[in-house]
Amino acid sequence: MGIHEKMDVEFPDLTDPRSFVEAVPHEAFARMRALPGLYWQPTNLGTANGGFWAVTRFADILAVEKDTDAFTSTRGGSYPGMNQSPEVAGMSADNLMMTDPPRHSHLRRAAAKGFGPRVVANFEPWVRDIVNDVLDRLETLDEFDYVEEVARTVPARVVARVLGTPREDEDQLVKWALMTFEALQETVNLPEGTHMIRGLHKVMMEVMPYAEKIQKIKREHPADDMFTELGACVDRGELTQSEFFNWMFLMMVAGFETTHTAIGQSMRMYLENPTVAERTERAIREGIASRAVDEFVRMISPPMEMARTATRDMDFAGEKIRKDDVMVLYFTSANRDAAVFKNPDEFDPWRTETDTLAFGSGVHRCIGAYLANLELRVLWEEIHKRKIKLELNGTPKRGWSVFINQITALPVRRVAS
Ligand code: HEM
C-alpha cells in the first residue's frame, strides 16, 4: 500500500468524480505527462490487475490506439465501463466501440459513409433550421439555463433527425442518453473482478423495444435516415438484430452527450474569459468559425478519456505492461501536451497544430466529428449573426463524472446589445 498512499498524495484519484467536479485537474495531468513512464492509478473497479495505467502524453495515446492487436477494445471502450458484468458485457459485445478489426471494420462500414465530410456538408441547411428554431425560442426568454435550452436541444434534435425518430420522442431520447451517462457513475464491485454499471442494463432494456418499434415503422415507411438504412442491412443479412440495436443505442448516446458538453462548455468558456470571447468573435468575422470550434473542442475534450486493455505482456512507454492491464487514454491531457501544442492552455483558433485527440484516433476515431463541428459552427455563427449577448446569471454546475467533462447547468441572462 505504501506506494499507493504516496501517489494518492501527489495525484488526484482519477476514479473519484470529486477529482473532476471543480474542474479537470490539468495541473496534475501536466505532472503526469512529465513522469518518466506512466502513472499507475490503483483501483479494483473494472480492472483485472488492481489498477490502470493513465496514458497522458499525445504520442503514447496515438501508439496505443494504433496497435489494435496489442490493445483491445473488446473489454470496454472507456473507464469505468471496463470489464463489465457478463449481463451487460453480453449485451454490448456487438457495440462498435467494443470491437476490434476486422469485425470493427465490418460494423463501421454499415454506417460510416453516412458521416463523411461530403455527405455531412449536405446536412447544413437542416442543421441551420434546427439551430434557428432553438434560437427563435431564446429570443422570448430573458433568463434561462443555456444547457437546458440550447446544449441539450440542438444535439437531441440533430441526432433524432439523423436516426429518423419522431420529433415527439426527442425528450425520451435525451432522457435515455442522460440516464446512460449517469449510470456510468453508479458502479458496483462484483466479486470475480468484473463490475456492474447499475442502470446501464435498465436503459438498454428500455431502448431495445423502442428501437424495434421504429425499425418496423421504417420497414413500412422507408425514409432517408439511419433507422431505415441499418434496418435494411438487417433485412439483407449484413447486420444481426443485436448489431443493429447496438448501433442505434451508440448513436443515441455518443451523438448526444459529447456535443451537449461541447456546446455548454464552449459558451461557459466564452462567458468566463474575455480573451476567448474576443477571439471567437474575430474568428467568426474572418470566416474561420470552424477553427474556433476545433479549439473549443480541443480545450474541452468532451469525453476526457477512452480506454483499451493489453492483450499480452509488453514493454510500453518505459513500463512493463501486463496482459489484462487497462490503459486509460486521457485525451483531455494529450490535448494540452506542450510537446504538440504551443501554449496549450491558450485558446487560439489560428494555431497551426490542428490535429487534436478530442475525437480520438485510429480505427475508432469518432464517426460524428464532421457533424459535431457543423453543429457547433452553425450555432456560433447564428449567435453571432443575431448579436445574442449573454452574461452569467449564477454559478455553472459541473457534472459528476470521471469520463465526460460535463456541464449540467449554465444560468445566463440576456444583455442588451
Ligand atoms: C463534440 C462532439 C463529439 C466528440 C468530442 C466525440 C468524441 C468521440 C471520441 C473521443 C470517440 C472515441 C474515439 C476513439 O476511441 O479513439 C468517439 C467515437 C464515436 N463517436 Fe463521437 N464525438 C462527438 C460527437 C459525435 C456525434 C455527433 C456522433 C454521431 C452522429 C458520434 C458518434 C460516434 C461513434 C459512432 C463512435 C464510435 C466509433 C468507433 O468505435 O468506431 N460522435 N467520439
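Both ligands and their constituent atoms are indexed starting at 1 by order of listing.
By the 4.5 Å heavy-atom criterion applied to side chains, Thr356 and Val297 are not counted as neighbours. When side chains are defined from C-beta on, Trp380 counts as touching Ser266, because their heavy atoms get closer than 4.5 Å.
Across His104, Arg108, Met251, Glu375, heavy-atom proximity to atom 30 (C) of ligand 1 is greatest for Met251.
Sorted by first and then second residue, the ring-ring contact (aromatic ring centres under 6.0 Å, His included) pairs involving residues 82-103 (not counting sequence neighbours) form an empty list. Residue pairs meeting the side-chain hydrogen bond (donor to acceptor under 3.5 Å, both in side chains) criterion with at least one member in residues 272-281, sequence neighbours excluded, are Arg268-Glu272, Tyr270-Glu281, Glu278-Arg282, Arg279-Glu346, Glu281-His384. Contacts classified as salt bridge (Lys or Arg N to Asp or Glu O under 4.0 Å) and involving residues 32-58 (residues at least two apart or in different chains) are given here: Arg57-Asp60.
The aromatic rings of Tyr210 and Phe227 sit perpendicular, their planes meeting at an angle over 60°, well past the 30° parallel limit. The aromatic rings of Phe29 and Tyr330 sit tilted, their planes meeting at an angle between 30° and 60°. Trp126 and Phe123 have tilted rings, their planes meeting at an angle from 30° to 60° on a 0 to 90° scale.
By the 4.0 Å heavy-atom criterion, Phe331 is counted among the residues contacting ligand 1. The closest approach between Glu305 and ligand 1 stays at or above 4.0 Å for every heavy atom of the residue. Val363 counts as a contact of ligand 1, since one of its heavy atoms falls under 4.0 Å from the ligand. At a 4.0 Å cut-off, at least one heavy atom of Thr259 sits close enough to ligand 1 to count as contact.
Neither the backbone nor the side chain of His260 comes within contact range of ligand 1; no heavy atom lies under 4.0 Å. Counting heavy atoms closer than 4.0 Å to ligand 1, residue Met97 contributes atoms from both its backbone and its side chain.
Of the protein's heavy atoms, Met306 CE, 3.5 Å lies nearest to atom 12 (C) of ligand 1. Of all protein heavy atoms, the one lying nearest to atom 16 (O) of ligand 1 is Glu65 OE2, 2.6 Å. Among all non-hydrogen protein atoms, the one lying nearest atom 13 (C) of ligand 1 is His364 O, 3.1 Å. When only non-hydrogen protein atoms are considered, atom 10 (C) of ligand 1 lies nearest to Ala358 O, 3.3 Å.
Using a 4.0 Å cut-off between a side-chain N of Lys or Arg and a carboxylate O of Asp or Glu, Arg157 and Asp133 qualify as a salt bridge.
Checked by atom type and distance alone, the side chain of Trp176 never pairs as donor or acceptor with a backbone atom of Phe249 at under 3.5 Å. Checked by atom type and distance alone, the side chain of Arg351 never pairs as donor or acceptor with a backbone atom of Glu295 at under 3.5 Å. The backbone N or O of Asp224 lies less than 3.5 Å from no partner atom in the side chain of Thr228, so there is not a single donor-acceptor pair.
Every atom of ligand 1 with a heavy atom of Phe115 under 4.0 Å away is listed here by number and element: 30 (C). Numbered from 1 in the order shown, with element, the atoms of ligand 1 that lie under 4.0 Å from a heavy atom of Arg308 read 14 (C), 15 (O), 16 (O). Atoms of ligand 1 found under 4.0 Å from any heavy atom of Leu371, numbered from 1 in the order shown, are 30 (C). Annotation for ligand 1: atoms under 4.0 Å from non-hydrogen atoms of Ser361 are 16 (O). Atom numbering of ligand 1 starts at 1 in the shown order; those under 4.0 Å from a heavy atom of Leu250 are 35 (C).
Annotation: cation-pi pair Arg298/Phe341 present, NZ/CZ under 6.0 Å from the ring centroid and within 45° of its normal.
Listing protein N, O or S atoms at distances below 2.8 Å from atom 21 (Fe) of ligand 1, with waters left out, gives Cys366 SG.
Between Tyr79 and Phe52, the ring center distance clears the sub-6.0 Å criterion.
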